[in-house]
Asks: 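There's a structure below that I have some questions on.
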2 protein chains.
Amino acid sequence: MSEDVNKLVDKLMHELRRGTITIGVLSQLSEPQYGYSLVTMLNEKGVQVEPGTLYPLLRRLEKQGLLSSKWDTNESRPRKYYYLNHLGRMVYDELCVEWRKIVSSLDFIIEEDRGN
Amino acid sequence: MSEDVNKLVDKLMHELRRGTITIGVLSQLSEPQYGYSLVTMLNEKGVQVEPGTLYPLLRRLEKQGLLSSKWDTNESRPRKYYYLNHLGRMVYDELCVEWRKIVSSLDFIIEEDRGN
DNA sequence: TGACAATAGTGTATGTCATACAGTATATTA
DNA sequence: TAATATACTGTATGACATACACTATTGTCA
């Protein structure tokens, strides 16, 4: 497989992953977390997310009302902690339901294709 | 839940679905299909895709070398059929592997969150 | 038969957000 | 002390879905 095709595959995989970043991030915020900790946690769990992506996402979700945040300056260094608020929990739950539907649909059609 | 929140949820769900359109489309092209037939097939199987999305996607995938196409003018009306070629089949298989990894990771972290 | 609707495909503008990278600030390490 | 790591903010670009407009052909119905 050539270099160009590898790039194409990478690109397609990135697009495949794209929509899952939000739900992945929301899933870790039942307890307050700060940005770099989230990057590490998620990477360890198989959800790759770049800091340049995560921070705007956190700010966006906070702006949309799903997350709340607080600065903690009592530790060795200042960190901004984000966590799901009430609305965020509700929306996250709905996204999880939707995710299961999507997975179910895709699993069905991919397995169907396997049979061919 | 207010109107604005419903819109936000809709938007997030759209983003969640976004990356799955390509793999959904590729899954149906082991046999040649034409655009509007694909829209119907996929909708029936739970993968919503708009014609305005599908046609550019089909053209893009063809340009990238994954799909081949042929006009069939022998039927009642002219239709353009697309189908996976050899490279497309290979790439599709890789995407399926990646999809399973993503699903596995997300299932793990969502179930982990359930336990909280 | 002609007008309109449905089918089928193409194209443009806009919206959304990830990525890439630059930059700032603070704490830690060499 | 200077360099590096940690932590966060901001800008430009890339990718592609959505919304909608438009063209072309065939089917339906008055």
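A note on names: the letters A, B, ... follow the listed sequences, proteins ahead of strands, and every chain is numbered from 1.
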Asks: Closest heavy-atom contact between T20(A) and L16(B)?
Replies: CA-CD1, 4.4 Å
Asks: Which whole-number value in Å describes the distance from N43(B) CG to dT7(C) P?
Replies: 13 Å
Asks: Which atom pair, heavy atoms only, marks the closest approach of S68(B) to N85(B)?
Replies: OG-ND2, 3.2 Å
Asks: Consider side chain to side chain contact (heavy atoms under 4.5 Å, CB included). Of L58(A), L61(A), L66(A), which one does L29(A) pass it with?
Replies: L58(A)
Asks: Does the D72(B) side chain pair with the main chain of K80(B), one donor and one acceptor, at a distance under 3.5 Å?
Replies: no
Asks: Whole Å only: how far is the CG atom of L54(A) from the P atom of dG10(D)?
Replies: 15 Å
Asks: With DNA chain C as reference, determine whether G52(B) or Q48(A) sits nearer its 5' end, using the nearest nucleotide of each.
Replies: G52(B)
Asks: All N/O contacts under 3.5 Å from nucleotides 24-27 of chain C to the protein, with atom names and distances to one decimal?
Replies:
from, atom 1, to, atom 2, distance (Å)
dT26(C), O2, R77(A), NH2, 2.5
dA27(C), O4', R77(A), NH1, 3.4

Asks: List in numerical order all residues of residues 11-23 of chain B for which some heavy atom is under 4.0 Å away from an atom belonging to DNA chain C.
Replies: E15(B), R18(B)
Asks: Roughly, in whole Å, what's the span from CG in D10(A) to C1' in dG14(D)?
Replies: 15 Å
Asks: Within residues 32-40 of chain A, which residues have any heavy atom lying less than 4.0 Å from an atom of DNA chain C?
Replies: none
Asks: How long is the line joining CG of N74(B) and P of dT25(D), in whole Å?
Replies: 16 Å
Asks: A side-chain contact here means heavy atoms from C-beta on lying under 4.5 Å apart; do L12(A) and I23(B) qualify?
Replies: no
Asks: Tell me the interatomic distance from L57(A), atom CG, to dA7(D), atom C1', rounded to whole angstroms.
Replies: 17 Å
Asks: Do NZ/NE/NH1/NH2 and the carboxylate oxygens of E111(A) and R100(B) come within less than 4.0 Å?
Replies: yes
Asks: For a quick test of reading the model, state the closest non-hydrogen atom pair linking G35(B) to Y55(B) and the distance between them.
Replies: CA-OH, 3.5 Å
Asks: Can you tell me if R79(A) touches the phosphate of dT6(D), counting only side-chain N or O atoms and a distance under 4.0 Å to OP1 or OP2?
Replies: no
Asks: Do you know the tightest heavy-atom contact between E31(A) and Y83(A)?
Replies: C-CB, 4.4 Å
Asks: So, are K11(A) and E15(A) salt-bridged, with charged N and O less than 4.0 Å apart?
Replies: no
Asks: Return the residues of residues 60-69 of chain B meeting this criterion: a heavy atom under 4.0 Å from some atom of DNA chain C. Order them by number, or give none.
Replies: none
Asks: Are any side-chain N or O atoms of T53(A) and backbone N or O atoms of V49(A), one a donor and one an acceptor, separated by less than 3.5 Å?
Replies: no
Asks: What's the shortest heavy-atom distance between S27(A) and I109(B), and which atoms?
Replies: OG-CD1, 3.5 Å
Asks: Measure from the side chain of R59(A), starting at C-beta and using heavy atoms only, and say which of dA18(C), dT9(D), dT10(C) lies closest.
Replies: dT9(D)
Asks: Who passes salt bridge (charged side-chain N to carboxylate O under 4.0 Å, His left out) against D93(B), sequence neighbours left out?
Replies: R114(A), R89(B)
Asks: Name all residues meeting the ring-ring contact (aromatic ring centres under 6.0 Å, His included) criterion together with F108(B); count only those two or more places apart in sequence or in a different chain, and write none if there are none.
Replies: none
Asks: Tell me: CG of D72(A) to P of dA7(D), nearest whole Å?
Replies: 12 Å
Asks: Specify the closest pair of heavy atoms between P56(B) and P51(B), including all atoms of both residues, with the distance to one decimal.
Replies: CD-O, 4.1 Å
